[in-house]
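Okay, so here's the structure we're looking at.
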Amino acid sequence: MIIKDNLNKIKSKLPQHVTLVAVSKTKPVTDLMEAYNAGQRIFGENKIQEMVEKYETMPDDIEWHMIGHVQRNKVKYMAPFVRLIHGVDNLKLLKEINKQAKNNNRIIDCLFQIKIAEEDSKFGMSKKDASEIIQSIIFSELKNIRITGVMGMATFTDNVSKVKEEFEFLKSTFDSIKDVQKENFDLQIISMGMSGDYELAIACGSTMIRVGSSIFGDRNYK
Ligand SMILES: *Cc1c(COP(=O)(O)O)cnc(C)c1O
């Protein structure tokens, strides 16, 4: 019952315009089902293989979000069902997603992952990369993807003002590109905020938070 209580506690504090993605990576299906039975329908995973396995055993009305770094050669495995891919950070990947979406006769929603932290370990593109992709002719030809927002991961630090700056940077990036008119571009989502910083993220304009350990408990990577 702990998962249900955690979930309800978080949901009770969320503004209406903020969507909660329950980050269930490394957790067993029994844990996910506890969240499901408490009403949660959006789950985030960071490994394609693991997401496919859970998708195959869990109810059909779940929205599966890929929140991790995506390897191009694995896109095909999630293309039939993935609802939103958060970590798109290059055109080659976007082209592959478009190809696999087309093979499945669907349009896949994606977020541009923007690098907002200084740490080298964090993936993402610059604001300039993002606008160059959007303005390119190739982009306009990708009819089976739709860019619906931006995603970012702040530096892992206790320094609140630094994290705040990074969230504000993502919000300003969103604002600077959101008025671009393209058929496959409809910016609505700012995906930022995790267990440790989602309240700050919401204050900085987040519309989608990705929360794992505060719902499911600490992860064990053994
Ligand atoms: C694991 C993960 C999260 C959730 O992290 P918690 O601190 O457990 O809430 C959010 N976003 C991404 C991209 C992740 O990989």
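Just so you know, residue 1 is the first one in the sequence shown, and it goes up from there. Whatever order the structure lists them in is the order used to number ligands and atoms, beginning at 1.
Counting non-hydrogen atoms of neighbouring residues, nucleotides and ligands closer than 6.0 angstrom, the CG atom of D158 reaches no more than 12 such neighbours.
Looking at T207 and Q188, their side chains never bring a donor and an acceptor atom within 3.5 Å of each other. Counted by atom type alone, E63 and H65 present one or more donor-acceptor pairs between their side chains at under 3.5 Å.
The distance criterion of under 3.5 Å between nitrogen or oxygen atoms is met by S195 with respect to ligand 1. Considering backbone and side-chain atoms alike, V211 places every N or O at 3.5 Å or more from each N or O of ligand 1. Checking only distances, S214 never comes within under 3.5 Å of ligand 1, N or O to N or O.
Considering each of M151, R219, R210, the one bringing a non-hydrogen atom nearest atom 8 (O) of ligand 1 is R219.
Below 30°, between 30° and 60°, or above 60°: for F81 and Y55 the angle between ring planes is below 30°, a parallel geometry. Between F216 and F43, the two ring planes are tilted [angle within 30° to 60°].
Ligand-side atoms of ligand 1 in range of G212: 4 (C), 6 (P), 8 (O), 9 (O), range being under 4.0 angstrom from any heavy atom. Per-residue contacts place I67 under 4.0 angstrom from the following atoms of ligand 1 (heavy atoms of the residue considered): 2 (C), 11 (N), 12 (C), 13 (C), 14 (C), 15 (O).
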